[in-house]
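What follows is a set of notes on a single structure, which appears directly below.
Predicted model only: the values in this text are computed from it and were never measured. Note that ligands are numbered from 1 as they come in the structure, with each ligand's atoms numbered from 1 the same way. Quick note: residue numbers are just sequence positions, from 1.
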Amino acid sequence: MNYRNIVTALIHGGVSSDPLTKAVNVPVYLTSTFGQSGLRTAPQWEYSRTGNPTRAALESLLAELEHGDRAFAFASGMAAITAVLMLFKSGDRILISKNVYGGTFRVLDKVFNAFGLQYAIVDTQDEQELNKAITKEVKAVFIETPANPLLTVTDLKAIADLVHRHGILAIADNTFMTPYLQRPIDFGFDLVVHSATKYLGGHSDLIAGAVISANQELSERLAFIQNSTGGVLDPFNSYLLIRSIKTLGVRMDRHTGNAKELASFLRTNPAVLKVYYPGFEDFPLHDVHMRQAKNGGAMISFELRPEYDIESFFKNLKLITLAESLGGVESLVCHPASMTHASIPNGLREQLGITENLVRLSVGIEDLSDLKDDLTQALQKSLKA
Ligand SMILES: *Cc1c(COP(=O)(O)O)cnc(C)c1O
């Protein structure tokens with residue numbers, strides 16, 4: 001069933017109750033296999049790698065939220081991205097936007113490269129450069145918008161149009177926005193991937209991933225890959241994710257409201273050299289972002305002035321935790337240069353603008369004044385003597 005508003009779909013979308021008992025929550029089907037009534041009967045459920053009712057409920061919910069044909073739940077975001085990359089073969093080339101998630105770069109560079117799948121890094125903001133890079137080996141363009149960690153915006157419709165003129169696939173990692181804020185399939189994308197570990201899960205208590213396909217042909221190929229390679233999400237985490245998604249709307253409203261305030265607040269702080277936040281009217285491609293997304297999101301990056309010590313800033317935070325990951329109810333900070341983007345070679349990293357003094361902040365849903373107070377005191381204490 002399709003609901004007019006996503007707020008309702010978050011709660012009632014997909015399979016929203018148990019058809020057998022009318023329990024309002026989808027039961028957790030902790031079973032590896034299902035009894036069959038006879039030979040050659042083609043049962044709906046046969047083995048939980050192939051399909052499990054709890055995972056299927058999550059998958060139908062995700063497909064509905066992203067306006068896709070089908071969705072596939074995986075044991076992590078990287079397992080989901082890996083499944084997508086398995087659509088290609090030796091000799092093919094994938095173009096990835098610069099600033100793509102470090103793990104996406106690493107799996108292409110260190111794992112798929114060994115199987116002959118090539119990649120090249122392109123500036124997806126530059127259509128001419130992208131157009132030139134699409135040679136006959138190129139089979140897909142993989143982007144993130146806003147991209148990690150400088151929140152670089154890419155025009156979804158422009159990319160989808162250009163990529164389709166070449167008859168190849170457009171793939172978006174929609175982890176930072178979630179379908180509540182942005183739906184790449186609406187702009188013509190073929191595949192959407194998620195680290196559901198982040199906002200979809202929202203409570204920093206699970207690892208999960210998803211792929212959403214825009215058409216039946218891709219759905220069939222992905223179902224085959226998911227079953228053949230087996231990186232599936234288990235029933236209990238599937239249930240937890242359904243539970244989390246019900247509150248995605250209220251969480252995102254609070255996350256993004258806090259982020260908007262904090263971004264402006266950080267801009268006025270004497271310790272801060274620069275703030276990256278797509279919600280700023282003067283942010284590069286702000287109007288493109290606002291055309292394709294509901295608001296500026298809840299990720300902010302900022303650079304400390306050279307007179308401030310980055311290590312002491314992290315040490316002095318009391319409420320905000322230094323940790324990998326993002327998208328949970330609690331605010332987290334990370335140091336992209338040594339954490340999320342450590343797998344990108346030094347020279348390239350600096351060139352991308354991921355400097356030593358850059359901080360990435362995942363704004364949580366705590367009280368805004370408490371967050372401001374924590375940032376203010378930690379910034380003050382980090383002024384070098
Ligand atoms: C975390 C993340 C991933 C990887 O997901 P895991 O669930 O950690 O495997 C991929 N893309 C983005 C944008 C991420 O933030």
Side-chain angles (χ1 to χ4, degrees), residues 58 62 66 71-86 94 96-112 119 121 124 141-154 156 171-182 184 189 191-212 226 229-234 237-238 240-241 244-245 252 255 259 276 278 293 297-301 323-328 331-336 339-344 352 354 360-364:
L58 168 67
L62 289 168
E66 283 285 8
F72 303 88
F74 289 90
S76 70
M78 285 320 303
I81 290 167
T82 295
V84 163
L85 294 176
M86 287 180 200
I94 312 294
I96 55 174
S97 53
K98 59 178 202 183
N99 288 354
V100 86
Y101 178 70
T104 304
F105 169 80
R106 181 175 55 198
V107 78
L108 277 163
D109 188 54
K110 296 284 192 302
V111 180
F112 281 96
Y119 73 91
I121 299 172
T124 47
V141 176
F142 187 118
I143 65 120
E144 255 175 70
T145 181
N148 205 7
L150 299 176
L151 289 325
T152 320
V153 172
T154 294
L156 289 171
I171 309 167
D173 182 332
N174 203 29
T175 301
F176 273 34
M177 288 282 102
T178 82
Y180 184 69
L181 300 182
Q182 169 177 285
F189 270 64
L191 292 161
V192 172
V193 297
H194 276 281
S195 169
T197 310
K198 315 295 167 55
Y199 291 107
L200 294 178
H203 299 74
S204 306
D205 56 1
L206 60 84
I207 299 280
V211 181
I212 299 94
Q226 186 191 39
T229 61
V232 295
L233 190 64
D234 66 289
N237 278 310
S238 297
L240 272 184
L241 209 43
S244 295
I245 289 171
M252 290 315 282
H255 277 294
Y276 297 85
M299 297 299 300
I300 301 171
S301 290
E324 299 264 2
S325 202
L326 61 106
S331 295
L332 299 179
V333 277
C334 96
H335 182 236
M339 295 166 69
T340 50
H341 289 64
S343 50
I344 297 174
L352 295 173
I354 305 166
R360 188 187 77 183
L361 171 61
S362 168
V363 180

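- Side-chain N or O atoms of His341 include none that pairs as donor or acceptor with a backbone N or O of Met339 at under 3.5 Å.
- Remark: the Thr124 side chain and the Thr154 side chain contain an N/O donor-acceptor pair separated by less than 3.5 Å.
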Using a 3.5 Å cut-off on N/O to N/O, what pairs does ligand 1 make with the protein? A line per pair would be great.
residue: ligand 1; atom: 5 (O); partner: Ser195; partner atom: OG; Å: 3.0
residue: ligand 1; atom: 7 (O); partner: Gly77; partner atom: N; Å: 2.9
residue: ligand 1; atom: 7 (O); partner: Ser195; partner atom: OG; Å: 2.8
residue: ligand 1; atom: 7 (O); partner: Thr197; partner atom: OG1; Å: 2.7
residue: ligand 1; atom: 9 (O); partner: Gly77; partner atom: N; Å: 3.1
residue: ligand 1; atom: 9 (O); partner: Met78; partner atom: N; Å: 2.9
residue: ligand 1; atom: 11 (N); partner: Asp173; partner atom: OD2; Å: 2.7
residue: ligand 1; atom: 15 (O); partner: Lys198; partner atom: NZ; Å: 2.7

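- Summarising the geometry, atom OH belonging to Tyr101 is positioned 6.5 Å from atom OG belonging to Ser195; distances are rounded to the nearest 0.5 Å.
- Donor-acceptor pairing under 3.5 Å is recorded for the side chains of Tyr119 and Asp109.
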Residues Thr145, Leu156; criterion side chain to side chain contact (heavy atoms under 4.5 Å, CB included); working and verdict: CA-CA 8 Å; Thr145 181; Leu156 289 171; 3.6 Å; yes
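- Using modelled atom types and a 3.5 Å distance limit, the side chains of Glu66 and Asn174 yield a donor-acceptor pair.
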